[in-house]
Amino acid sequence: MLRKLGIEPGEGRLFFWAAGVLFLLGWADVSVKNASETLFLKGVGVEFLPLGFPSCSSSSESRWCRCGSWSRRSSRVVSSWR
């Protein structure tokens, strides 16, 4: 099955590690967005909702960028690419 996806021998561990990280990040992103929007509506109110969506999206983007930079610097990932 990995051969059909274009994954070379020896890259399976990296593939599954990256897929797991992306899955967990997506799950955390949805959970944090739901909680933050609910707390925002209860605490601040509907009148500031248009400002809440861009701020939530930018914080989500910064989390994804931080995770990407962390994974690039990780010795585990870099050593398996060489």
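Just so we're clear, the structure is a prediction, and the values are computed from it rather than from any experiment.
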- Item | hydrophobic_cluster_shared for L22 and W70, side chain cutoff 4.5 Å | yes
- Item | Hydrophobic cluster identity match, V21 and F23, side-chain contacts under 4.5 Å | no
- Rounded distance (nearest 0.5 Å) linking atom CG of D29 with atom SG of C67: 11.0 Å
- Query: Are L25 and V32 joined in one hydrophobic group, where the rule is that I, L, V, M, F, W and Y side chains link up if heavy atoms are under 4.5 Å apart?
  - Reply: no
